[in-house]
Amino acid sequence: MDLFQPCWDYVEPRFARAAGIYPFFHQLDASEGPVARHEGRSLVMMGSNNYLGLTHHPAVLAAAKQAVDDYGTGCTGSRFLNGNLHTHVELERELSEFFGYEQTLVFSSGFLANVGVIATLGSHPGAVIFSEAANHASLIDGARLASGEVRIFEDPEDLAAQLAEGDSWEHALVVMDAVFSMTGRVSDLKAYADLKTRYGFRLYVDDAHGIGVFGPNGRGTVYEQGVQDRVDLLFGTFSKSLASLGGFVCGEERVIDYLRHKARSLIFTAGLPPSSAAAALAALRVLRSEGPELIDRLWENARYWKRGLESLGYCTLHSESPIVPAMVGSESLAFRISKDLFDLGVFAIPVPFPVVPCGQSLIRTSVMPTHTREHLDRALDAFKVVKKRYDIPEFDPDNLPVTESEDWSWFMPQDGAPAEPPAE
Ligand SMILES: Cc1ncc(COP(=O)(O)O)c(C=O)c1O
């Protein structure tokens, strides 16, 4: 088979484009945070991870601009060699202080941080990585790159059953998301921390979607659940609440220093650009000074939004965070609804299989403190229109359907003919 054959056979995006409902890679012309512009139209942004709305905070904007003047536009090399800036180190120092860890290591993205740390530690002699089944791709890929054994667990009970096969698991790394990015589900970190106390494994928590949202001053899910002393390595990203790009891992001094010299995704890639590092540092300082007020507004909006969607009849699963899914079921219907929302002035992305189980496609929405009631009401009006327009089934969040295959029926135009014939 020609190496390119799978690319030629990949017809789904072509169907979606031909049906006029391709929902990805929209080219935005401008953004003000809660509102984005597309071809002259303004869209209420319900599809970002800008949980504190800090991408447009004056202090964050000013810091990024100043960094360009101070350092230029890029590091042009690895932090290990020529690309290490005072701002990177200052950022690491303040993150360590804020999260209460000895040291922190900043990577050029969260993805690179997860991959680098897990692949490095998970390749130690005898290492076993236990990875939660619904973990983010970067955690999965880090485990794939590691030479140690990888075991998947579903939940604390399943992990406990697997751990019961041995007495001591100090050679194991248990890796999990604290908040699941598509459904807003929050992990029971306390249960995992209790297992750690019993079995002695190392615990790695990815709190990409919890930092800035949960815990005192936005310190995250591990603080919210009171397990910070038992989380050995805390992962965070700047690409969500901290309004920039880049990722970080906090831990004990010797481990972080080791990773600084061993993590290939730190050493063999260019350092985080100056403007991104400065923006993240400024956002962290805003979180420290204005956190409680921003977080209160975020949660007020999250509650209003979730209640609004539910009162329209949407199933929002058991979301416990500002990420609020609206269950749709069929993949292609999720695409069509996302397109209709877009036309009605709302940016909200469809989440199809395989990101979620087959038949459980959803529209992922999230709020920020900078959404006004008017923004949210405008978005709710659009959700109301599409709810009426399509026969979206009722869902029981505790008993969701799983289908055998994906449903492409909504890619068909009205006459029932395929929008574009699939390639031979
Ligand atoms: C749970 C989780 N971990 C890690 C990442 C990667 O973060 P970044 O955007 O900084 O690469 C993401 C981003 O999508 C995420 O949702």
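Everything numeric here is computed off the predicted structure, so don't read it as measured data.
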Would you check if the side chain of [X] reaches a backbone N or O of [Y] as a donor-acceptor pair within less than 3.5 Å?
{"X": "Glu149", "Y": "Val128", "answer": "no"}
{"X": "Glu102", "Y": "Glu253", "answer": "yes"}
{"X": "Ser244", "Y": "Phe238", "answer": "no"}
{"X": "Ser289", "Y": "Arg285", "answer": "yes"}
{"X": "Ser366", "Y": "Asn49", "answer": "no"}
{"X": "Gln103", "Y": "Cys250", "answer": "no"}
{"X": "Thr365", "Y": "Val324", "answer": "yes"}
{"X": "Arg230", "Y": "Ala193", "answer": "yes"}
{"X": "Tyr101", "Y": "Val249", "answer": "no"}
{"X": "Glu331", "Y": "Glu406", "answer": "no"}

Roughly how far, to the nearest 0.5 Å, is the [atom2] atom of [Y] from the [atom1] atom of [X]?
{"X": "Leu272", "Y": "Leu112", "atom1": "CG", "atom2": "CG", "result": "10.5 Å"}
{"X": "Thr55", "Y": "His57", "atom1": "OG1", "atom2": "NE2", "result": "11.0 Å"}
{"X": "Met182", "Y": "Leu317", "atom1": "CE", "atom2": "CG", "result": "13.0 Å"}
{"X": "Asp381", "Y": "Leu312", "atom1": "CG", "atom2": "CG", "result": "8.5 Å"}
{"X": "Ser265", "Y": "Asp141", "atom1": "OG", "atom2": "CG", "result": "11.5 Å"}
{"X": "His56", "Y": "Asn50", "atom1": "NE2", "atom2": "CG", "result": "8.0 Å"}

Measure from the ring center of [X] to the ring center of [Y] and say whether it is less than 6.0 Å.
{"X": "Tyr192", "Y": "Phe153", "answer": "yes"}
{"X": "Trp299", "Y": "Tyr51", "answer": "no"}
{"X": "Phe248", "Y": "Phe99", "answer": "yes"}

Please determine if Arg373 forms a cation-pi arrangement with Tyr304, meaning its NZ or CZ atom is less than 6.0 Å from the six-membered ring centre and no more than 45° off the ring axis.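 So Arg373 does make the cation-pi contact.
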
Could you pull out all residues at least two apart from [X] that satisfy ring-ring contact (aromatic ring centres under 6.0 Å, His included)?
{"X": "Tyr22", "value": "Phe24"}
{"X": "Phe235", "value": "none"}
{"X": "Phe347", "value": "His26"}
{"X": "Phe383", "value": "Trp305, Tyr314"}

Return the minimal non-hydrogen interatomic distance between [X] and [Y], and the atom names on each side.
{"X": "Ala334", "Y": "Leu362", "result": "CB-O, 4.3 Å"}
{"X": "Glu132", "Y": "Arg185", "result": "OE2-NH2, 3.6 Å"}
{"X": "Ser361", "Y": "Pro352", "result": "OG-CA, 3.4 Å"}
{"X": "Ala326", "Y": "Leu309", "result": "CB-CD1, 4.4 Å"}
{"X": "Leu195", "Y": "Ala160", "result": "CD2-CB, 3.7 Å"}
{"X": "Ala279", "Y": "Ala64", "result": "CB-CB, 4.2 Å"}

By salt bridge (Lys or Arg N to Asp or Glu O under 4.0 Å) - contacts of [X] (at least two apart):
{"X": "Lys384", "result": "none"}
{"X": "Lys65", "result": "none"}
{"X": "Arg93", "result": "Glu90, Glu97"}
{"X": "Arg378", "result": "none"}

Is any side-chain heavy atom of [X] less than 4.5 Å from a side-chain heavy atom of [Y]?
{"X": "Val174", "Y": "Tyr199", "answer": "no"}
{"X": "Leu298", "Y": "Val367", "answer": "yes"}
{"X": "Asp188", "Y": "Gln225", "answer": "yes"}
{"X": "Arg79", "Y": "Arg260", "answer": "no"}
{"X": "Lys306", "Y": "Ser319", "answer": "yes"}
{"X": "Phe15", "Y": "Glu12", "answer": "no"}
{"X": "Leu259", "Y": "Leu121", "answer": "yes"}
{"X": "Glu92", "Y": "Ile256", "answer": "no"}

Pairs flagged by salt bridge (charged side-chain N to carboxylate O under 4.0 Å, His left out) wherever residues 197-221 is involved - sequence neighbours left out: Arg202-Asp232

Any idea how Phe111 and His136 line up, ring-wise: parallel (<30°), tilted (30 to 60°), or perpendicular (>60°)?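 Answer is perpendicular, since the angle exceeds 60°.
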
Can you list everything that forms a side-chain hydrogen bond (donor to acceptor under 3.5 Å, both in side chains) with Tyr390? Sequence neighbours excluded, please.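 Residues passing side-chain hydrogen bond (donor to acceptor under 3.5 Å, both in side chains) with Tyr390: Asp340.
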
CA sep, side-chain torsions, deciding dist, call: Ile363, Ser338, side-chain contact (heavy atoms from CB on, under 4.5 Å): CA-CA 7 Å; Ile363 306 289; Ser338 168; 4.2 Å; yes

Excluding sequence neighbours, so at least two apart, what forms side chain to side chain contact (heavy atoms under 4.5 Å, CB included) with Ser123?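 Ser123 satisfies side chain to side chain contact (heavy atoms under 4.5 Å, CB included) with Ala146, Ser147 once adjacent residues are dropped.
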
Check the pair Tyr223, Asn217 against side-chain hydrogen bond (donor to acceptor under 3.5 Å, both in side chains), reporting the backbone distance first and the verdict last. CA-CA 10 Å; Tyr223 274 85; Asn217 244 56; over 6 Å; no

Enclosure of Glu165 CD (heavy-atom neighbours >12, cutoff 6.0 Å): yes

Give a yes or no on this: more than 12 heavy atoms of other residues, nucleotides or ligands lie within 6.0 Å of atom CG of Asp391.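 Not buried by this count: 12 neighbours or fewer within 6.0 Å.
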
Are Phe353 and Thr403 close enough, and set up right, to give a side-chain contact (heavy atoms from CB on, under 4.5 Å), and what steps lead you there? CA-CA 10 Å; Phe353 173 79; Thr403 55; over 6 Å; no

Got a sec, which pairs hit side-chain hydrogen bond (donor to acceptor under 3.5 Å, both in side chains) with one end in residues 167-182, sequence neighbours left out? none

